[in-house]
A.B. asks: 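Take a look at this one; I'll ask things after.
Here is the naming used below: chain letters follow the sequence lines, and residue numbers restart at 1 for every chain.
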Amino acid sequence: MSTYNPSDIEKKWQIYWLENKTFKTPDTKDKPKYYILDMFPYPSGSGLHVGHPEGYTATDILARFKRMKGFNVLHPIGWDAFGLPAEQYAVKTGTHPRTTTEKNIGIFREQLQMLGFSYDWDREVDTTDPDYYKWTQWIFLKLFEKGLAYESEQPVNWCPELGTVLANEEVIDGKSEVGGFPVVRRPMRQWVLKITAYAERLLEDLDDLDWPESTKEMQRNWIGKSIGAEVEFQVAGQDHSLRVFTTRPDTLFGATYMVLAPEHPLVEVLTTSDQKDQVTAYQDTASKKSDLERQELTKEKTGVFTGSYAINPVNNAEIPIWIADYVLAHYGTGAIMAVPGEDERDWEFAETFDLPIIRTVQPPGDFEGKAYTGDGPAINSGFLNGLTITDAKVKMIQWLEEQGVGEKSINYKLRDWLFSRQRYWGEPFPILHVDGKPKAVSLNDLPVTLPPVDDFQPTKTGEPPLARAKNWVETTDPETGKKALRETNTMPQWAGSCWYYLRYISPDFNGGPVDPEFEKYWMPVDLYVGGSEHSVLHLLYARFWHKVLYDCGVVSTKEPFQRLVHQGMILGEVEYTAYEKDGKIISADEAAGQKELVRLQLSDSEVEKKGDRFVMKGTEITVDSKAHKMSKSRGNVINPDDVVKSYGADSLRLYEMFMGPLEQVKPWSTKGVEGVNRFLNRTWRLLFGEHGDEIRNLSESDPDSEQLKVLHTAIKKVTEDIESMRFNTAISALMIFVNEANSWEELPSAVAKDFILLLSPFAPHIAEEIWSRMGHAQSLAYEEWPQYDEKYLRSDSVEIPVQINGKVRANIEVPSGRIHEKDFVIGLAKQQKNVQKYLDGSVIVKEISVPGRIVNLVIK
RNA sequence: GCCCGGGUGGCGGAAUUGGUAGACGCGCCGGACUCAAAAUCCGGUGGCAGCGAUGUCGUAAGGGUUCGAGUCCCUUCCCGGGUACCA
């Protein structure tokens with residue numbers, strides 16, 4: 001047995017690590033700490049896909065590296081195990097979600113262990129474990145206590161197919177994010193969390209986070225802060241007033257009409273009898289529109305006049321009041337002042353219904369558009385005339401405040417978080433309804449556990465499945481002895497993942513969600529790696545809960561995740577697609593948009609590059625070349641199990657890191673896996689030679705200067721690249737080392753030892769195996785990380801390119817000690833034969849020498 | 001539409017503060033070993049011209065700054081992600 005055979009060694013080391021608890025997190029606080037977190041996986045029935053190992057390998061490399069660098073490392077994993085799939089399976093088959101969940105967790109755990117990740121398996125958490133969700137409920141009660149959780153009867157996103165409501169964030173284009181089912185609006189009693197109370201802090205504290213700028217920007221947009229003013233309009237001839245929110249108080253002179261959302265509470269009283277029928281009809285249509293329909297009808301502006309007029313406070317003009325669904329009930333005050341001259345939507349509406357338009361900002365002379373939203377001097381605006389937008393805003397707000405008809409105001413797009421779901425497989429709310437009012441279950445009575453039910457579907461009356469557990473629902477309030485009903489909604493899946501990173505710190509702590517002593521040591525999370533699909537939802541919710549816990553004194557940091565990195569998606573293998581129509585193959589450009597096409601998959605030997613397109617070999621017929629997202633329907637899913645079976649976990653880990661920068665989207669290539677597998681084979685042979693499993697000619701002699709240079713170059717590059725998470729180039733440096741070392745007569749064991757340590761975070765199984773065969777009795781997991789020494793990197797001379805007018809014409813060898821002697825270096829350059837050729841008959845106008853870098857002679 | 005990212009060989013990708021573009025890997029070509037193949041090893045590999053030294057063109061396109069630009073500035077095009085009547 002001489003060849004590298006991953007299946008022989010990988011299992012062995014996985015068992016070793018588990019049995020020896022090699023990666024158990026220390027309970028001491030004697031060293032600097034590093035908390036490195038992977039995003040909470042949902043243990044689905046289909047198991048791991050290749051996207052999981054990408055982020056997990058990156059964090060694992062860092063975790064292993066940091067341990068060797070002398071840090072206490074917290075690197076845990078657990079299960080975000082509540083959720084819809086297990087429940088839907090239960091509805092279909094009657095299998096309790098608990099059973100399905102436990103089975104899936106088992107599969108996931110095994111798969112993660114098969115990849116050699118260095119998790120502390122004693123800290124595994126599971127959101128569906130009553131000992132865990134006890135604390136989820138505890139946190140909910142904190143929110144309830146602080147008035148941040150309340151019940152509200154409101155129109156919600158009801159998804160009939162899923163039998164539940166969804167948060168706004170879970171509705172994409174009018175369809176459910178999960179499953180893509182239609183969503184309709186329907187009023188229901190719901191639990192809502194007041195995340196809006198934290199809008200400003202959620203926005204402000206983003207600034208100090210070391211997160212991708214795009215993610216921070218997405219959160220900022222989602223929170224959607226806008227600064228403006230509220231203005232009060234009297235209704236002509238009535239004892240009512242309407243408030244509007246505007247970001248452009250400077251344009252008040254241009255307000256020529258008002259628009260209320262169809263749902264605005266004053267619509268009824270403002271509608272005159274002759275407009276009544278039209279208004280009611282319009283309201284009716286608007287209310288029936290689903291979100292999807294609203295989106296489809298965005299082009300045309302619709303609306304109805306109410307018959308009433310408002311008085312513009314700035315010039316006492318009477319302006320008509322309309323209702324239209326382009327004004328949203330839930331934003332601002334649900335009413336706007338329309339300034340068609342400066343707002344594109346208002347302009348469109350004014351054109352449609354023939355309403356007056358007054359410009360209040362002077363557009364530039366060459367402006368040809370309709371509404372003008374740019375800056376310029378105010379016109380037609382009385383006391384504001386001539387001012388720029390910024391100055392006019394200030395002056396108008398001052399005027400409004402003096403007159404008592406308005407004031408500066410700030411609005412957020414962020415809305416409160418709809419927190420209840422009509423499902424079985426979620427955390428029960430620790431709430432009793434006594435005398436029709438919600439009341440917290442006493443902390444001593446937590447957890448409120450899920451009752452058994454005979455059917456996991458909602459009841460016929462549309463109540464959540466928990467309503468079927470009559471004995472559980474009907475209870476008594478232990479405090480008053482009164483009859484009480486338990487809350488039958490459950491929490492959304494986000495609840496458990498909002499604070500799991502805290503539970504890892506002290507998974508068995510009984511005095512609260514987290515042990516304060518260890519919380520202070522481990523928090524914040526130093527590095528959090530996960531997909532960008534969680535940029536808004538999970539990351540915003542978790543930050544919100546964290547801030548609430550901070551206010552409660554449970555945690556000591558304002559923010560949970562100091563540094564965040566998103567791994568890029570892994571696409572399927574590149575596919576070449578040709579199109580056939582009516583039995584004839586046509587060019588891809590021609591095929592675009594056509595129907596009834598037959599798609600033909602071509603292999604890469606059937607195509608060639610022509611210009612910037614691919615064509616079928618020897619023809620002019622263009623084909624599409626594209627890597628698609630992996631999907632079952634496309635049949636291009638790569639299963640990590642298969643890759644491990646064929647090439648081993650180390651090859652999979654190495655390949656996923658070698659593909660390219662972590663953050664980037666990249667296509668899969670099985671050939672690429674073979675490439676890194678070959679590298680591991682070469683590494684194996686470097687140590688064991690062609691035959692036998694004895695370590696080959698490792699010499700005990702001192703390494704020569706060339707060997708030291710090669711080794712220390714690798715140490716430097718690998719160390720720096722791991723620290724900045726450039727794993728692809730770190731692996732390239734390891735490959736260069738092996739390529740060099742393979743040409744040596746013998747390999748000094750001191751050099752081999754350091755190299756194996758460098759390789760170990762990336763390919764831990766093969767590294768441990770070689771390490772042990774080199775005679776070490778202990779795992780290398782806590783060996784000291786090799787240090788590089790600059791003195792071995794220096795060479796006696798440096799090769800410097802010589803340019804003539806910026807083009808390289810020759811290279812010179814300069815002794816390292818003399819690179820700063822400009823005259824010497826330039827003199828040397830001028831002696832070069834190929835340089836003299838150019839200097840002949842020319843005049844040197846400038847001589848540039850950048851020490852150790854370049855020489856450039858500018859000639860005429 | 002708006003806001004973020006990106007466009008470098010046949011492919012994935014390298015390239016310090018502006019200083020030899022194409023590291024490393026894949027693929028391809030040639031050679032060694034073999035009855036043969038696989039595996040492995042050695043050599044080559046951006047385009048064009050040339051036997052060659054070498055020359056020339058080349059980092060989406062066009063322009064600019066500079067002794068020198070993949071890198072900085074302006075304009076345009078294309079791809080990916082997010083978002084969408086938020087007043």
Side-chain angles (χ1 to χ4, degrees), chain A residues 3 172-173 212-218 220-222 224 226 228 244-248 251 259 294-295 297-299 301 324-328 330-339 342-346 348-349 411-415 532-533 535-536 566 568-569 574 604-605 607-609 612 614 625-627 655 658-661 663-676 678-679 681-682 685 690 726 728-736 739 742 799-811 833-834 837 845-848 850 852-859:
Chain A
T3 50
I172 313 281
D173 293 337
E213 204 45 51
S214 59
T215 303
K216 291 207 254 182
E217 201 54 30
M218 266 193 243
R220 288 191 190 104
N221 290 339
W222 194 268
S226 53
V244 302
F245 171 72
T246 177
T247 54
R248 294 292 303 275
T251 63
V259 187
R294 279 199 183 201
Q295 304 223 340
L297 298 171
T298 52
K299 275 153 215 140
K301 290 277 181 290
D325 65 2
Y326 84 93
V327 173
L328 307 173
H330 55 73
Y331 184 76
T333 60
I336 62 155
M337 63 178 210
V339 187
E342 322 305 323
D343 183 285
E344 282 160 14
R345 297 153 300 181
D346 296 345
E348 243 180 83
F349 190 82
N411 250 285
Y412 300 91
K413 275 202 282 191
L414 185 70
R415 287 156 71 184
S532 57
E533 66 271 22
S535 292
V536 181
H566 298 304
M569 206 194 323
V574 173
D604 52 357
S605 58
V607 298
E608 63 183 344
K609 188 109 179 201
D612 53 1
F614 277 91
S625 134
K626 198 180 160 166
Y655 173 64
F658 187 61
M659 294 172 88
E663 301 87 340
Q664 206 161 296
V665 178
K666 339 163 243 279
W668 182 266
S669 156
T670 297
K671 288 283 184 196
V673 188
E674 287 171 12
V676 294
R678 271 200 281 272
F679 159 68
N681 271 297
R682 277 204 305 279
R685 282 198 308 273
E690 296 297 334
R726 293 189 302 248
N728 54 331
T729 49
I731 293 167
S732 152
L734 293 170
M735 289 172 167
I736 291 169
N739 291 347
N742 258 322
E799 196 184 49
I800 297 175
V802 180
Q803 298 182 330
I804 305 291
N805 290 345
K807 289 191 177 180
V808 180
R809 299 300 178 187
N811 284 296
K833 213 171 121 198
N834 205 37
K837 198 168 92 188
V845 285
K846 202 167 178 182
E847 296 174 341
I848 294 150
V850 182
R853 286 245 161 260
I854 205 143
V855 169
N856 191 8
L857 304 175
V858 185
I859 60 167

A.B. asks: When you compare B/U71 with B/U8, how far apart are their P atoms, in angstrom units rounded to a whole number?
C.D. replies: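 Those two atoms are separated by 13 Å.
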A.B. asks: With sugar-phosphate meaning primed atoms plus P, OP1 and OP2, does A/Ser669 contact a base, only sugar-phosphate, or nothing at under 4.0 Å between heavy atoms?
C.D. replies: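 Since no nucleic acid heavy atom lies under 4.0 Å of A/Ser669, the category is nothing.
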A.B. asks: Kindly indicate whether the side chain of A/Tyr326, heavy atoms from C-beta on, has any atom under 4.5 Å from the side chain of A/Leu328.
C.D. replies: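 A/Tyr326 vs A/Leu328: side chains apart.
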A.B. asks: Quick one: which of B/A14, B/U20, B/A87 gets closest to the side chain of A/Thr246?
C.D. replies: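 Out of B/A14, B/U20, B/A87, the nucleotide with an atom closest to A/Thr246's side chain is B/A87.
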A.B. asks: Go ahead and write out RNA chain B as dot-bracket, 5' to 3': ( ) for pairs within the strand, [ ] for ones crossing earlier pairs, | when the partner sits on another strand, dots for unpaired; Watson-Crick or G-U wobble, both distances under 3.5 Å.
C.D. replies: (((((((..(((......[....)))((((((.......))))))((((....))))..(((((..]....))))))))))))....
A.B. asks: Is it the case that atom CD in A/Glu344 sees more than 12 heavy atoms from other parts of the structure closer than 6.0 Å?
C.D. replies: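 Counting other residues, nucleotides and ligands, CD of A/Glu344 stays at 12 neighbours or fewer.
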A.B. asks: Could you work out which one of B/A14, B/C85, B/C3 sits closest to the side chain of A/Lys301?
C.D. replies: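 In terms of side-chain proximity for A/Lys301, the closest of B/A14, B/C85, B/C3 is B/C85.
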A.B. asks: Let's see if you can work this out: which of B/A87, B/C67, B/C24 has an atom nearest to the side-chain heavy atoms of A/Thr247?
C.D. replies: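 Selected nucleotide (nearest to the side chain): B/A87.
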A.B. asks: Do A/Ser535 and A/Trp222 come close enough that some side-chain heavy atom pair is under 4.5 Å?
C.D. replies: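 A/Ser535 does not reach A/Trp222 side chain to side chain.
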A.B. asks: Counting C-beta onward and ignoring hydrogens, is there a side-chain heavy-atom pair between A/Val339 and A/Arg248 closer than 4.5 Å?
C.D. replies: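 Of all side-chain heavy-atom pairs linking A/Arg248 with A/Val339, none is under 4.5 Å.
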A.B. asks: With rounding to the nearest 0.5 angstrom, report the CZ to CD1 distance, A/Phe658 to A/Ile731.
C.D. replies: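 If we round to the nearest 0.5 Å, A/Phe658:CZ and A/Ile731:CD1 are 7.0 Å apart.
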A.B. asks: Taking the P atom in each of B/U76 and B/G1, what is the distance between them to the nearest angstrom?
C.D. replies: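 About 12 Å, rounded to a whole number of Å.
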A.B. asks: Taking the minimum atom-to-atom distance to the side chain of A/Met218, which one of B/G25, B/G82, B/U17 wins?
C.D. replies: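 In terms of side-chain proximity for A/Met218, the closest of B/G25, B/G82, B/U17 is B/G82.
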A.B. asks: OP1 or OP2 of B/C26 less than 4.0 angstrom from a side-chain nitrogen or oxygen of A/Arg678, does that happen here?
C.D. replies: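 Looking at the OP1 and OP2 atoms of B/C26, one of them is under 4.0 Å from a side-chain N or O of A/Arg678.
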A.B. asks: OP1, OP2 of B/C26 versus side-chain N and O of A/Lys671: anything below 4.0 Å?
C.D. replies: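 No, outside the criterion.
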A.B. asks: Let me know, please, whether A/Asn856 or A/Ser532 comes out on the 5' side of the other along RNA chain B by nearest nucleotide.
C.D. replies: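 Its nucleotide being nearer the 5' end, the pick is A/Asn856.
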A.B. asks: Mark yes or no for whether A/Lys666, through its side chain, and A/Gln664, through its backbone, hold a donor-acceptor pair below 3.5 Å.
C.D. replies: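 Indeed, once roles are kept as given, a pair shorter than 3.5 Å links the two residues.
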A.B. asks: Mind checking if A/Ser732 touches a base, just sugar-phosphate, or nothing, with heavy atoms under 4.0 Å?
C.D. replies: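 Base: the residue A/Ser732, judged by heavy atoms under 4.0 Å, touches a nucleobase.
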A.B. asks: How close or far is atom P of B/C26 from atom CD of A/Glu674, stated in whole angstroms?
C.D. replies: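 Those two atoms, CD and P, are 9 Å apart.
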A.B. asks: What is the nucleic acid contact for A/Pro212, judged by heavy atoms within less than 4.0 Å: base, sugar-phosphate only, or nothing?
C.D. replies: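 Answer is nothing: A/Pro212 stays at 4.0 Å or more from every strand.
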A.B. asks: Please measure how far the C1' atom in B/G19 lies from the corresponding atom in B/G30, and state the result in whole Å.
C.D. replies: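 To the nearest whole Å, 36 Å.
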A.B. asks: Is the shortest heavy-atom distance from the side chain of A/His566 to the side chain of A/Pro212 under 4.5 Å?
C.D. replies: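 A side-chain contact exists here, since the closest heavy-atom pair is under 4.5 Å.
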A.B. asks: Walk me through whether A/Ile336 and A/Asp346 qualify under side chain to side chain contact (heavy atoms under 4.5 Å, CB included).
C.D. replies: CA-CA 10 Å; A/Ile336 62 155; A/Asp346 296 345; 3.6 Å; yes
A.B. asks: Say you pick atom P in B/A14 and the same atom in B/G7; how far apart are they, in whole Å?
C.D. replies: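 My reading of the P atoms in B/A14 and B/G7 gives 9 Å.
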A.B. asks: Using the C1' atom on both, measure B/U16 against B/C29 and round to a whole Å.
C.D. replies: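 After rounding to an integer number of Å, I get 35 Å for this pair.
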A.B. asks: Considering every strand and a 4.0 Å limit on heavy-atom distances, what is the contact class for A/Ser226: base, sugar-phosphate, or nothing?
C.D. replies: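 Sugar-phosphate, backbone atoms only, no base.
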A.B. asks: Using the ring of each side chain (for Trp, its six-membered ring), is A/Trp668 parallel, tilted or perpendicular to A/Tyr655, with breaks at 30° and 60°?
C.D. replies: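 Ring orientation, 0 to 90° scale: perpendicular.
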A.B. asks: Check every atom of B/G80, B/C24, B/A15 against the side chain of A/Thr729 and return the nucleotide holding the closest atom.
C.D. replies: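 Looking only at side-chain atoms, A/Thr729 lies closest to B/A15.
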A.B. asks: Under 4.0 Å between any heavy atoms, over every strand shown, what does A/Ile848 touch: base, sugar-phosphate, or nothing? Just pick one.
C.D. replies: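 The answer is base, as A/Ile848 lies within the cut-off (heavy atoms under 4.0 Å) of a base atom.
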A.B. asks: Indicate yes or no: at least one non-hydrogen side-chain atom of A/Met735 is less than 4.5 angstrom from one of A/Val676.
C.D. replies: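 Contact flag for A/Met735/A/Val676 side chains = yes.
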A.B. asks: Looking at A/Arg685, I'd like to know whether one of its side-chain N or O atoms comes within less than 4.0 Å of OP1 or OP2 on B/A39.
C.D. replies: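 No, because none of the side-chain N or O atoms of A/Arg685 sits under 4.0 Å from OP1 or OP2 of B/A39.
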A.B. asks: Under 3.5 Å, side chain of A/Asn805 to main-chain N/O of A/Ile859, donor-acceptor pair present?
C.D. replies: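 Answer holds: yes.
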A.B. asks: Work out how far the P atom of B/C72 is from that of B/G6, and round it to whole angstrom.
C.D. replies: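 It works out to 10 Å between them.
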A.B. asks: Rounding to an integer number of Å, can you tell me how far A/Met735 CE sits from B/A14 P?
C.D. replies: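 Distance, rounded to whole Å: 14 Å.
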A.B. asks: Check the pair A/Gln803, A/Ile848 against side chain to side chain contact (heavy atoms under 4.5 Å, CB included), reporting the backbone distance first and the verdict last.
C.D. replies: CA-CA 9 Å; A/Gln803 298 182 330; A/Ile848 294 150; over 6 Å; no
A.B. asks: Rounded to whole angstrom, note down the C1' distance from B/G47 over to B/C35.
C.D. replies: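 Taking atom C1' in both B/G47 and B/C35, they lie 42 Å apart.
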A.B. asks: Quote, to the nearest angstrom, the P distance that separates B/C42 from B/G52.
C.D. replies: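 About 26 Å, rounded to a whole number of Å.
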A.B. asks: By the rule that syn is within 90° of 0, classify the base conformation of B/G68 as syn or anti.
C.D. replies: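 Judged by the O4'-C1' to base torsion, B/G68 sits in anti, the angle falling more than 90° away from 0.
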A.B. asks: Name the pairs: protein N/O against N/O of nucleotides 10-12 of chain B, kept only if under 3.5 Å.
C.D. replies:
from	atom 1	to	atom 2	distance (Å)
B/C11	OP1	A/Lys609	NZ	2.8
B/G12	O2'	A/Met659	O	2.6

A.B. asks: Using a 4.0 Å heavy-atom cut-off to protein, can you give one letter per nucleotide of nucleotides 54-63 of chain B, 5' to 3': B if the base is in contact, S if only the sugar-phosphate is, - if neither?
C.D. replies: SSSS------
A.B. asks: Mind checking if A/Asn681 touches a base, just sugar-phosphate, or nothing, with heavy atoms under 4.0 Å?
C.D. replies: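 Result for A/Asn681 = nothing.
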A.B. asks: Students often get this wrong, so: under 4.0 angstrom with heavy atoms, is A/Asn728 touching a base, only sugar-phosphate, or nothing?
C.D. replies: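 Answer is sugar-phosphate: A/Asn728 comes under 4.0 Å of backbone atoms only.
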A.B. asks: Using a cut-off of less than 4.0 Å, is there contact between a side-chain N or O of A/Asn742 and OP1 or OP2 of B/C41?
C.D. replies: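 The answer is no; no side-chain N or O of A/Asn742 sits under 4.0 Å from OP1 or OP2.
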A.B. asks: Which one, B/U20, B/G13, B/A87, comes nearest to the side chain of A/Pro661?
C.D. replies: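 So the nucleotide nearest the side chain must be B/G13.
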